[in-house]
There are 2 protein chains.
Amino acid sequence: MSTPESPRPRRRDRAATRAALLAAARLRFARDGYDATGVRDIAADVGVDPALVFRYFGSKQRLFAEVTAGAGAEVAAGATAGVGTGAAAGAGAGAEEAGDDGGAADLPLWLLRSAVAADWSDYAGEHPFVALLRSSGHEDARTQLQQQICDSYVRQLAAVSPGPDRELRAELLSAWLLGIGVARSVIRTPRLAEADFAELAPYFAEIAAMLLNRPAAAADNTSNTPAAAD
Amino acid sequence: MSTPESPRPRRRDRAATRAALLAAARLRFARDGYDATGVRDIAADVGVDPALVFRYFGSKQRLFAEVTAGAGAEVAAGATAGVGTGAAAGAGAGAEEAGDDGGAADLPLWLLRSAVAADWSDYAGEHPFVALLRSSGHEDARTQLQQQICDSYVRQLAAVSPGPDRELRAELLSAWLLGIGVARSVIRTPRLAEADFAELAPYFAEIAAMLLNRPAAAADNTSNTPAAAD
DNA sequence: CAGGAAAGTCATCGACTGATGACTCTGCTG
DNA sequence: CAGCAGAGTCATCAGTCGATGACTTTCCTG
């Protein structure tokens, strides 16, 4: 339904057909998840016979692996090169001229924008990580997800964070980014689902700075922290 | 594998068999998701014929609906009655004597403990929300998830938060809780997956207090301001 | 134009899914 | 003991899934 089929019988082109199948699979997997996506659906989107999927990719699993590898590469490329350049980010929000003072301090905001405002129309409108989460029942998806999140989010956030426990704090912030994506597009929490980048940025920037820059927060508020644990 | 089958042919008891099927389904759905769970699997766990599932629940969908309704009720009951009483929370961490100072200020920490330290062994060891997320491909699951999260998390967090935008801030905190659960059990981020409640509580308490108590943070820092904290 | 490599199609397989209805067996009651 | 209501089982259906291999059609090349 997404790809309008042309009346012409589609000129034979191995590379183009393969790419079209890959794009259709990317969209389907992102929107419906691995299990709910059938090989016949993907082929129907492109307008070819389902057998071509196996001809070009070997199996549904391998097609999925190729899709997720591409998604991971795309996110990783953006995360490493995006900060400071501001490339490939402008979608809905208007605030694009982020101060290019240092770059490192902008990383959390750049990740937030990538999560809520970037153009992920190739992935059913969601950040690839959230889309990949739909297929988390499969080992391949989880492995890719863990590796890509650690590489793209945690490692870089930890790199701009001083003090001990900086990995834990980086993972906490990564978890927040992920949770925001899930809440917006999967659960559709009313207020958050319609918020744009400009509305979330102040809160996120303040807390990200606090979390990343402060090694060990105030440990005195033991109102109900387990004091006798250790 | 989870339910040890007794060698005796299982005395006939409609209520007990129904309850056993429900428990087995809860575990399977939580661990593997709706699609990956077969009616035959559930019946095999209990040791009865798959046809009994349809006899007692009508369809797989209705069985799933009953499971999720129970999960939602369990979470909601804990969220409404748990703060101040500290009931049904002690699992891994030993501290149960929550400071009964006010109750409202403890809500975020209570939710965190419920997410990372409560005994959810009936749900494959994960918070029901995270478990339910595995079946998010189905409308029923998403509806339940949205309703329960709004009722159990957002509404109560917004109730203890002053000022404008308190719903958005409550949803942001709810998203963080959700993201922490996903990162810990689905993605298995290394540092966060092994952290316990005591390790996370200081960070979470500080940021939750900041997010909930401050109506609108500094709105000028769209780029980066770690300075205008307090 | 002739031929062949390759792009694409067709029919079909075997396994598995949720679901149905007729059946058997158990255990309580009179 | 007889009988009956109902708990549990069996065989089976219709549909879908991923996957395979033989087939047909296209298009480039000589």
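Below, chain A is the first sequence line, B the second, and so on; all start at residue 1. Not measured: the values here are computed from a predicted model.
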Please list, chain by chain and in numerical order, all residues satisfying salt bridge (Lys or Arg N to Asp or Glu O under 4.0 Å) with B:R166, sequence neighbours excluded.
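Once residues adjacent in sequence are excluded, B:R166 has no partner under the salt bridge (Lys or Arg N to Asp or Glu O under 4.0 Å) criterion.
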Review point. Does the cation-pi check pass for A:R113 over A:F197, that is, NZ or CZ under 6.0 Å from the six-membered ring centre and within 45° of its axis?
Key: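 Judged by the rule, A:R113 and A:F197 form a cation-pi pair.
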Take the protein atom [atom1] of [X] and the nucleotide atom [atom2] of [N], then report the distance between them rounded to whole Å.
X: B:R62; N: C:dG18; atom1: CZ; atom2: P; answer: 15 Å
X: B:R18; N: D:dG8; atom1: CZ; atom2: C1'; answer: 16 Å
X: A:I42; N: D:dT16; atom1: CD1; atom2: C1'; answer: 15 Å
X: A:D13; N: C:dA5; atom1: CG; atom2: C1'; answer: 16 Å
X: A:R14; N: D:dC28; atom1: CZ; atom2: P; answer: 16 Å
X: B:D35; N: C:dT17; atom1: CG; atom2: P; answer: 12 Å
X: A:L52; N: C:dC10; atom1: CG; atom2: C1'; answer: 12 Å
X: B:L21; N: D:dT9; atom1: CG; atom2: C1'; answer: 14 Å

Can you find a side chain N or O atom of B:T17 that sits less than 4.0 Å from OP1 or OP2 on D:dG8?
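For D:dG8, OP1 or OP2 has a side-chain N or O of B:T17 closer than 4.0 Å.
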Within the structure provided, determine whether A:F204 and A:L173 are in side-chain contact (heavy-atom separation under 4.5 Å).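 When only atoms from C-beta onward are counted, A:L173 and A:F204 do touch, with a gap below 4.5 Å.
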* To do: Determine whether A:L22 and A:L63 make a side-chain contact, defined as any pair of heavy atoms from C-beta on separated by less than 4.5 Å.
  =>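 Contact flag for A:L22/A:L63 side chains = yes.
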* Residues two or more places apart in sequence or in another chain: which of them pass ring pair (Phe, Tyr, Trp, His ring centres under 6.0 Å) with B:F64? ->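 Per chain and number, B:F64 pairs via ring pair (Phe, Tyr, Trp, His ring centres under 6.0 Å) with B:F29, B:Y34.
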With sugar-phosphate taken as primed atoms, P, OP1 and OP2 and all else as base, the protein-contact string of nucleotides 19-26 of chain C at under 4.0 Å (heavy atoms; B, S, -) is BBBB--BS
Tell me if a side-chain donor or acceptor on A:T37 pairs with a main-chain N or O of A:R28 at a distance below 3.5 Å.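 Indeed, once roles are kept as given, a pair shorter than 3.5 Å links the two residues.
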Contact class for B:F57 vs. all strands (heavy atom < 4.0 Å): base, sugar-phosphate, or nothing?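 No contact at all - B:F57 keeps every heavy atom at 4.0 Å or more from the nucleic acid.
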